[in-house]
Amino acid sequence: MCSAAKFLRLLQGCNSMDRLRKIHAQVLLQGYHGHPAVSAKLLSFCATSAAGDLAYARRLFSGILRPATDHWNALIRGSSRGPAPLDALSLYNAMMRRASSRPDAFTFSFLLKACALAKDDPKCREAHASIVRSGFFSHVIVGTNLVRAYADNGSIDEARRVFDEIPDKDLVACNSMISCFCRAGLHDDALKVYDRMRQSGVGLDEFTAVGLLSSCAHLGALGFGVRIHKFAERNGFLRRNVFVGNALIDMYAKCGRLDEAHRVFDGMRRRDNFTWNSMIIGLGIHGHAEKSISLFQRMLMAGVRPNSISFLGLLMACSHHGLVDDGLKYFQRMGSDYNIKPDLKHYGCMVDMYGRAGKLDEALEFIHNSPFKDDPVLWRMLLSASRIHGSVEMGEIAIQNLIEMSANNAGDCVLLSDIYEHAGDSQGVARMRKMVKDQGIKTTPGWSWIEIHGEVRKFVVGDTSHAESEEIYKKLEEMISRAASLGYATERSTEWLENFVDSTSDYHSEMLAIALGLLRTPKGTSLQIVKNLRVCKDCHSLTKYASRIYDREIVVRDRVRFHHFKEGICSCNDYW
DNA sequence: CTAGGGTTAG
């Protein structure tokens with residue numbers, strides 16, 4: 001004699017479709033297929049377990065006379081994770097048409113998961129409307145799903161609005177919002193969620209710490225990061241959870257504290273791929289290419305398998321340091337020894353590495369032999385390398401390729417114009433200026449910031465908006481005249497485009513930040529600057545003098561790497 | 001055990 005309870009037990013232990021078919025046959029034979037719990041269990045196995053079969057689930061479902069909410073949910077959930085996530089929406093619509101049962105919070109959670117996976121913004125809005133109609137918009141889990149779905153679709157403002165309207169935001173909802181802001185690059189907003197969390201008393205956990213640390217890393221917000229570190233230590237997050245240690249390593253490395261990053265690394269009981277990669281990348285961006293390589297060796301000896309990002313870190317390290325032979329060796333090994341296919345970024349590192357080392361012919365050959373020769377990125381790298389090494393010939397080859405693929409922009413013209421200028425070709429300069437005019441200039445505005453007494457002070461090029469501007473400019477003039485007496489000569493150029501538009505006499509943002517740092521911090525304090533673009537040659541040179549004249553350590557985080565200036569020397573050895 | 005959250009690169 002078989003009862004419903006017996007079937008439910010059997011289904012609990014079921015782990016394959018073969019087994020399920022046998023149980024299903026028994027269910028049919030003994031007339032239990034109409035039993036709601038039994039049919040729901042059968043359905044949920046087929047639709048949602050890894051060993052399931054969605055087509056079988058659909059057949060099962062069509063045999064159910066009056067499907068209950070749970071039946072619909074199982075099928076919607078299964079579809080949302082399948083190859084056609086939007087089937088979940090069609091199922092939902094069918095559910096509403098048949099009206100045999102009402103959707104619940106689970107229904108909407110699965111529906112939103114489908115919208116997020118499908119990256120379909122209109123469907124997401126449609127689901128949102130259904131949620132509002134059904135009165136579930138204030139449900140915290142549905143709301144969290146909706147935030148995620150909008151964010152995954154790139155509608156971060158909509159995600160923010162939904163989050164703001166959740167009446168009882170809990171810890172998970174806040175953590176989700178933080179990670180969405182983080183992924184959208186809105187790091188200030190991510191940190192602001194933390195302030196709200198502190199006020200509302202939802203607490204914070206490992207997830208919060210990891211998200212916030214990632215934003216601190218992107219911003220270079222050391223002070224904030226240290227606070228989270230202390231909190232994590234007090235609460236034992238570090239011992240429990242490898243993610244927190246990984247995020248800390250990254251944060252310290254990106255905030256200029258390689259020593260602290262190393263300390264966290266050394267103290268970790270468990271290390272995964274992320275741990276090693278973050279440390280390898282950290283060493284690389286600080287210019288310690290050899291240490292980065294030896295850490296990679298240690299990673300191999302520890303039995304951790306490198307992935308595509310490990311190699312990217314390694315190649316970046318080699319590229320920053322001009323280790324062309326090592327770079328090529330690892331580039332080849334990633335395919336031959338580890339079966340990892342290099343992607344565009346790996347090729348980019350290689351072109352950059354050859355280019356900056358002055359091996360322009362090799363760079364060109366490398367592009368031609370790569371599967372990405374139709375991508376403007378590589379040609380633009382060649383163009384910028386041509387500018388560093390003053391090669392008119394290669395610069396023209398690069399821009400010609402960009403023009404052929406209709407990818408040339410004003411920035412490219414500025415670079416080539418610069419090359420012509422150095423070569424004394426005034427006609428070339430004029431041609432480029434005309435091209436720029438025709439296209440209109442679109443550049444990323446440059447900014448730098450420095451943290452002084454816990455306060456972030458941000459500068460743009462030629463900034464005069466600060467209360468102490470007059471004092472800052474006076475300090476800069478003093479710095480320049482003292483540097484000049486030691487041999488400094490201005491090398492103003494249009495480099496990195498920060499001040500292309502008629503403002504070649506204005507000071508770049510990092511110099512303003514450094515001047516304020518010198519004025520407002522005690523003698524001997526080291527200065528930390530974060531900059532969104534790359535440092536130009538002139539500022540680099542002036543900063544070297546400044547470190548010597550004022551006897552200060554000055555650390556500048558550039559768009560791609562760190563420069564540690566001390567006693568008139570930079571850690572990059574003028575190679576960057 | 002029918003639901004929502006995490007790190008590196010770009």
Side-chain angles (χ1 to χ4, degrees), chain A residues 11-12 40-41 43-45 47-50 68-78 80-81 104-113 116 136 139-149 151 162-163 166 169-183 185 190 193 197 202 204-218 232 237 240-251 253-254 261 264-265 271-285 306-316 343-346 348-349 377 559-560:
Chain A
L11 285 164
Q12 198 75 47
K41 195 83 200 155
L43 195 56
S44 107
F45 180 87
T48 66
S49 94
T69 301
D70 285 358
H71 295 125
W72 287 105
N73 286 355
L75 210 53
I76 290 174
R77 184 186 187 202
S80 75
R81 301 194 301 199
D104 61 10
F106 292 101
T107 318
F108 291 118
S109 292
F110 303 142
L111 205 53
L112 290 167
K113 188 61 116 193
F136 278 95
H139 189 288
V140 66
I141 296 178
V142 174
T144 305
N145 268 311
L146 194 50
V147 167
R148 164 71 55 194
V162 171
F163 176 73
I166 300 173
K169 302 184 226 327
D170 62 7
L171 182 56
V172 177
C174 294
N175 289 345
S176 181
M177 192 68 251
I178 288 175
S179 96
C180 289
F181 278 141
C182 203
R183 277 192 234 180
V193 176
M197 290 171 80
V202 288
L204 54 163
D205 63 5
E206 294 96 317
F207 289 82
T208 329
V210 169
L212 293 174
L213 284 169
S214 169
S215 282
C216 289
H218 283 282
F237 290 173
R240 271 211 305 272
N241 194 309
V242 69
F243 285 78
V244 177
N246 295 349
L248 273 171
I249 291 171
D250 180 54
M251 183 278 291
K254 297 239 175 72
V264 174
F265 180 86
R271 299 186 184 117
D272 65 6
N273 236 313
F274 282 78
T275 322
W276 292 95
N277 288 352
S278 296
M279 201 65 224
I280 288 169
I281 292 163
L283 287 162
I285 59 179
N307 62 15
S308 138
I309 292 166
S310 321
F311 282 100
L312 200 58
L314 212 47
L315 293 178
M316 287 191 310
D343 64 27
L344 177 60
K345 290 157 220 145
H346 298 92
C349 275
V377 168
R559 191 167 60 78
V560 293

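Every value quoted in this text rests on a predicted model; they were computed, and no experiment measured them. So that the names make sense, note that chain A is the first sequence line, chain B the second, and so on, each numbered from 1. The analysis underlying the following values was restricted to heavy atoms, covering all of them including side chains, and did not include hydrogens, waters or symmetry mates.
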Exercise. Is there a donor-acceptor pair closer than 3.5 Å between any side-chain N or O of H218(A) and the backbone N or O of C182(A)?
Worked result: no

For this session: Would you mind classifying the nucleic acid contact of I309(A) as base, sugar-phosphate or nothing, using non-hydrogen atoms under 4.0 angstrom?
Result: base

Exercise. F243(A) has an atom CZ; how far is it from atom P of dG6(B), in whole Å?
Worked result: 9 Å

For this session: Check ring pair (Phe, Tyr, Trp, His ring centres under 6.0 Å) between F265(A) and all other residues, then give those that pass, not counting sequence neighbours.
Result: W276(A)

Seminar exercise, completed: Checking dA9(B), dT2(B), dA3(B) against the side chain of K345(A) (C-beta onward), the nearest is dA9(B)

Exercise. Taking only side-chain nitrogens and oxygens of S214(A), does any of them come within less than 4.0 Å of OP1 or OP2 of dT8(B)?
Worked result: yes

Exercise. N307(A) CG to dA9(B) C1': how many Å, rounded?
Worked result: 10 Å

Exercise. Nearest heavy-atom pair of V264(A) and G245(A): which atoms, and what distance?
Worked result: CG1-O, 3.8 Å

For this session: Test for a donor-acceptor pair under 3.5 Å between the base of dG4(B) and the side chain of D170(A), counting only N and O atoms.
Result: yes

For this session: Return no unless some side-chain N or O of R183(A) is found under 4.0 Å from OP1 or OP2 of dG6(B).
Result: yes

Seminar exercise, completed: Among dG4(B), dT8(B), dA3(B), the one nearest any side-chain atom of R77(A) is dA3(B)

For this session: Using atom CZ of F108(A) as one end and atom P of dG4(B) as the other, report the distance to the nearest whole Å.
Result: 16 Å

Problem set entry | Atom pair distance, as rounded to whole Å: CG in D250(A) and P in dG10(B) | 11 Å

Exercise. Given dA3(B), is OP1 or OP2 found less than 4.0 Å from the side-chain N or O atoms of K113(A)?
Worked result: no

Exercise. At under 4.0 Å, does any side-chain N or O of H218(A) touch on OP1 or OP2 of dG10(B)?
Worked result: no

For this session: Could you check whether M316(A) gets within reach of a base, just the sugar-phosphate, or nothing at all, counting any heavy atom under 4.0 Å?
Result: sugar-phosphate

Exercise. L171(A) near the nucleic acid: base, sugar-phosphate alone, or nothing, with a heavy-atom cut-off under 4.0 Å?
Worked result: base

Exercise. Just checking N273(A): base, sugar-phosphate only, or nothing, at a heavy-atom cut-off of under 4.0 Å?
Worked result: nothing

Seminar exercise, completed: Ranking dT8(B), dG4(B), dG6(B) by distance to the side chain of N241(A), first place goes to dG6(B)

Exercise. Starting at NE2 of H346(A) and ending at P of dG10(B), how long is that distance when rounded to a whole Å?
Worked result: 10 Å

Exercise. With a 4.0 Å cut-off on heavy atoms, is A40(A) in touch with a base, just the backbone sugar-phosphate, or nothing at all?
Worked result: nothing

Exercise. Closest to the D70(A) side chain: dT2(B), dT7(B), dA3(B)?
Worked result: dT2(B)

For this session: Using a heavy-atom cut-off of under 4.0 Å over every strand shown, decide if V147(A) touches base, sugar-phosphate, or nothing.
Result: nothing

Seminar exercise, completed: To the nearest angstrom, the CZ-P distance between F136(A) and dG4(B) comes to 16 Å

Problem set entry | Closest contact, heavy atoms only, N246(A) versus F274(A) | ND2-CB, 3.3 Å

Problem set entry | Among dT8(B), dT7(B), dA3(B), the one nearest K254(A) by side-chain distance | dT8(B)

For this session: Would you mind classifying the nucleic acid contact of N145(A) as base, sugar-phosphate or nothing, using non-hydrogen atoms under 4.0 angstrom?
Result: sugar-phosphate

For this session: Figure out the CG/P separation between L212(A) and dG6(B), and round it to whole Å.
Result: 13 Å

Problem set entry | Test item: N145(A) side-chain N/O and R148(A) main-chain N/O as donor-acceptor pair under 3.5 Å | no

Problem set entry | Passing candidate, side-chain contact (heavy atoms from CB on, under 4.5 Å) with S109(A), options D104(A), I141(A), N73(A) | I141(A)

For this session: Could you tell me whether S44(A) contacts a base, only the sugar-phosphate backbone, or nothing, with contacts defined as non-hydrogen atoms closer than 4.0 Å?
Result: nothing

Exercise. The side chain of I141(A) lies closest to which of these nucleotides: dT8(B), dT2(B), dG4(B)?
Worked result: dG4(B)

Seminar exercise, completed: Whole-Å distance, D272(A) CG to dT8(B) P, equals 12 Å

For this session: Under the ring pair (Phe, Tyr, Trp, His ring centres under 6.0 Å) rule, collect the residues that match up with F45(A), sequence neighbours excluded.
Result: none

Exercise. So which nucleotide from dG6(B), dA3(B), dG4(B) ends up closest to the side chain of F207(A)?
Worked result: dG6(B)

